[in-house]
S.K.: 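Could you have a look at this structure, given as C-alpha cells, before my questions?
Order of the sequence lines fixes the chain letters, A, B, ..., with proteins taken first and strands second; residue numbering starts at 1 for each chain.
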There are 2 protein chains.
Amino acid sequence: MVTRAATHDRGFDHCKFHSRLTKWRTVVAVSKGQPICEPDRLADYWWHIKSGAVRQARLQSNGLRCIHEFFLPNEWFVCDNAGEDTVVDAVCDGTVLGRYKRADLEGLAEEGASIAQTLREARLRRIARAEEHIFNLWHQRSVDKVRVFLDQMSARMPARADGFVSLPMSRYDIADYLGLSVETVSRALGDLQARRIVEFDGVRRLRILRMLATLPPPPRQIGAKGRQGVQFLSAA
Amino acid sequence: MVTRAATHDRGFDHCKFHSRLTKWRTVVAVSKGQPICEPDRLADYWWHIKSGAVRQARLQSNGLRCIHEFFLPNEWFVCDNAGEDTVVDAVCDGTVLGRYKRADLEGLAEEGASIAQTLREARLRRIARAEEHIFNLWHQRSVDKVRVFLDQMSARMPARADGFVSLPMSRYDIADYLGLSVETVSRALGDLQARRIVEFDGVRRLRILRMLATLPPPPRQIGAKGRQGVQFLSAA
DNA sequence: CGTAGGCTTGATACACATCAAGTCACGTGG
DNA sequence: CCACGTGACTTGATGTGTATCAAGCCTACG
C-alpha cells in the first residue's frame, strides 16, 4: 500500500483554546436538508462540525446534485470558492456546527500558532481529499468506488469499540458523491456484503472486515495497458 | 452561466520581482515523459512553468495512469501531498520550469507581500480546479467531459490573435485526465468538430466556436430526477 | 391502518471500454 | 528516392457495466 497523508481534521487542542475560541463562536444547529447559512455568506466563515454531518454540493439546472465533499464530526472547513449553485446543508437531523468569522479566527491565528496550524492543515487536507476523490471518480468500477468510500468514511467517523460505525448519509447521498445511481450503490453494497468485505448491522451501521490493502489484485483491467512506464533519469 | 472563480495562475508582476526571484531560481529543462525531479524531492519546491507543460499523475499497479492536473505556461504550483505513486513529468519536449526551494520562497514572501499573494492564490486555485475536475468527472457524458476540457485548456493556454491554441498534450493524456479511453476521446472530438463546436487546424491546434454557456440545454437526463430541491429557510 | 422515505431487486437499454484494423506524419537507413 | 518502423490518431465491430424504468419491501410515524 502506498503511503499517503492521513485524512483527519482532528487533533486540535480544545482544552487549551476552548475559552479563547468560544468567545468568537456561534453555535448553529440545523436539521436534515437545511443549508448551514445563506449561500452568499458561506465564504465568510470557518466551520467546525460538532455533531451530525454536512455535505457540500453543486446543483445542476437539470436537478442533478454533485456532492463534492462530506464533513464529519470534529472536522474544520471553509468554503473559499462556492458558486451560486453551491449548497452546504445538513446530511442528517441533529447537526450542530461551530461558526467563526474568518477575520476573527485568522486574526486570532497570529497569536495562537496552534490555531493557525489547525486551519492550515484543514486547507491542505482539503486538497488531499479532493485528489483522492478525483482518483476515485476517475476510472474505477462501481464496487471499487463504493468500497473506497466506505473505507474513507469508517476511517473518518468517530469509531466505537466494536469497530462498527454508523453512516450519517443515505444511499442517495453516496450515489451523488460517487457519480452513480442509487440502484448501483445498493447493488455494490450487497456485493461487498456477500463477499464478506463489509458487515452490516442495519442499513447504516457497518464494519469493514477486509481493508483495501489486503484485497486480491484487480480482476479486471480497465483502460490502456500500461502507457509510458517512465524512468527517472536526471532533470536539467 | 454560473459565476465561479477565474482559473489563471498568472498576473504576477515579474518585472518588479524579477531580480529578487532569479536569485533563488534554478532553471530545469525536461523532455517529453521526463520527471521534473526525484519523486521524494517533489514537495521541497515551488515550480513555475516557463514553457511547455507538465502533468501530475498517479500510477496504479496495473499500469493505469490517472492524471490529476496539468500545469501550463506561466502557472505556479507546489505538490504538497505526493505519494510514492505520484509522477510529475513533462507533457512535451521543450518544457522549461523555474524551481524555487520552498523555504527560500516562503521566507521571501514575508517581506514581499506580492509574492506571498501569488503563492496563496496558486493554492486556492488548485482547490478550485480540483473541484471543477471532480464535477467534470462526476456524471457527465464523454462528449461533455471533453468539451469542458477543451474550454478550460483554451482559456488557460496563452492564446493567439486568431483564437487558435495548440494543445501540448496527446489524446492519451486527455483520456487519462478524463477517465476515458483514447478511442472515446477521439470520437468525442470528432463529434464536437462535426457539430461545429470546435474547429481544428491539424490534430492539436483548435479553436472554440461555441462556448459552453451558449449551448442548447442538456438533451439527456442522467441520474436522479431532482433529489431534494432544498429551500433556504433559516439556520439555527 | 395508511402514507412516505429510504432501500432493494429485476428487466431492459445504451454509453463507453475493449478488441482489431487501418491511416497519417515523421523519422532513419539503405 | 523508397522501404521500413514507430508513435499518435482514427474508425469500425462487439461486449459489458451501469443507468434507467418499474415494482416491491421495510421501517417509522401519523
S.K.: Less than 4.0 angstrom between a side-chain N/O of B:Ser142 and OP1 or OP2 of C:dA15, yes or no?
M.R.: no
S.K.: Considering only NZ, NE, NH1 and NH2 on the basic side and carboxylate oxygens on the acidic side, decide whether B:Arg171 and B:Glu183 come within less than 4.0 Å.
M.R.: no
S.K.: Strictly under 3.5 Å: I want the nitrogen or oxygen pairs between protein and nucleotides 9-13 of chain C, one per line.
M.R.:
unit_1 : atom_1 : unit_2   : atom_2 : d
C:dG10 : N7     : A:Arg187 : NH1    : 2.9
C:dG10 : O6     : A:Arg187 : NH2    : 3.4

S.K.: Rounded to the nearest Å, what distance is computed from the CD1 atom of residue B:Ile174 to the P atom of nucleotide C:dA17?
M.R.: 14 Å
S.K.: Nearest whole Å is fine: how far is C:dC7 C1' from A:Leu167 CG?
M.R.: 14 Å
S.K.: Between the side chains of A:Gln56 and A:His68, is a donor N or O closer than 3.5 angstrom to an acceptor N or O?
M.R.: no
S.K.: Scan B:Gly179 against the nucleic acid and name what it touches under 4.0 Å (heavy atoms): base, sugar-phosphate only, or nothing.
M.R.: sugar-phosphate
S.K.: May I ask you to establish whether A:Arg55 and A:Tyr177 are in a cation-pi arrangement, using a distance under 6.0 Å from NZ or CZ to the six-membered ring centre and at most 45° from the ring axis?
M.R.: no
S.K.: Under 4.0 Å between a side-chain nitrogen and a carboxylate oxygen: does that hold for B:Asp144 and B:Arg147?
M.R.: no
S.K.: I need the CG-C1' distance between B:Leu180 and D:dG17, as an integer number of Å.
M.R.: 15 Å
S.K.: Report the distance from atom CG of A:Asp173 to atom C1' of C:dG5, rounded to the nearest whole Å.
M.R.: 13 Å
S.K.: Measuring to OP1 and OP2 of C:dC7, would you say a side-chain N or O of A:Arg204 lies under 4.0 angstrom away?
M.R.: yes
S.K.: Just say parallel, tilted or perpendicular for the rings of B:Trp138 and B:Phe135, cut-offs at 30° and 60°.
M.R.: parallel
S.K.: Atom CZ of A:Arg205 to atom C1' of D:dT27: distance rounded to whole Å?
M.R.: 17 Å
S.K.: Less than 4.5 Å apart, side chain to side chain, heavy atoms only: is that true for B:Val88 and B:Pro35?
M.R.: no
S.K.: Taking NZ, NE, NH1 and NH2 as the nitrogens, is one of them in A:Arg58 or B:Glu132 under 4.0 Å from a carboxylate oxygen of the other?
M.R.: yes
S.K.: Using five base pairs at each end, measure the axis-to-axis angle across the helix from C:dC1-D:dG30 to C:dG30-D:dC1 and round it to 10 degrees.
M.R.: 20°
S.K.: Looking only at heavy atoms, what is the nearest atom pair of A:Asp93 and A:Lys32, with distance?
M.R.: OD1-N, 2.7 Å
S.K.: Take atom CG of B:Leu189 and atom C1' of D:dC9, then tell me their distance rounded to the nearest Å.
M.R.: 10 Å
S.K.: Let me know the distance between CG of B:Leu137 and C1' of D:dT18, rounded to the nearest Å.
M.R.: 17 Å
S.K.: Among C:dA17, D:dC9, C:dC16, which is the nearest nucleotide to the side chain of B:Val203?
M.R.: D:dC9
S.K.: Would you kindly give the NZ-to-P distance between B:Lys145 and C:dC16, to the nearest whole Å?
M.R.: 8 Å
S.K.: Quick one: which of C:dT18, D:dA8, C:dC7 gets closest to the side chain of B:Ser181?
M.R.: C:dT18
S.K.: For the side chain of A:Ser51 and the backbone of A:Gly94, is there at least one donor-acceptor N/O pair under 3.5 Å apart?
M.R.: yes
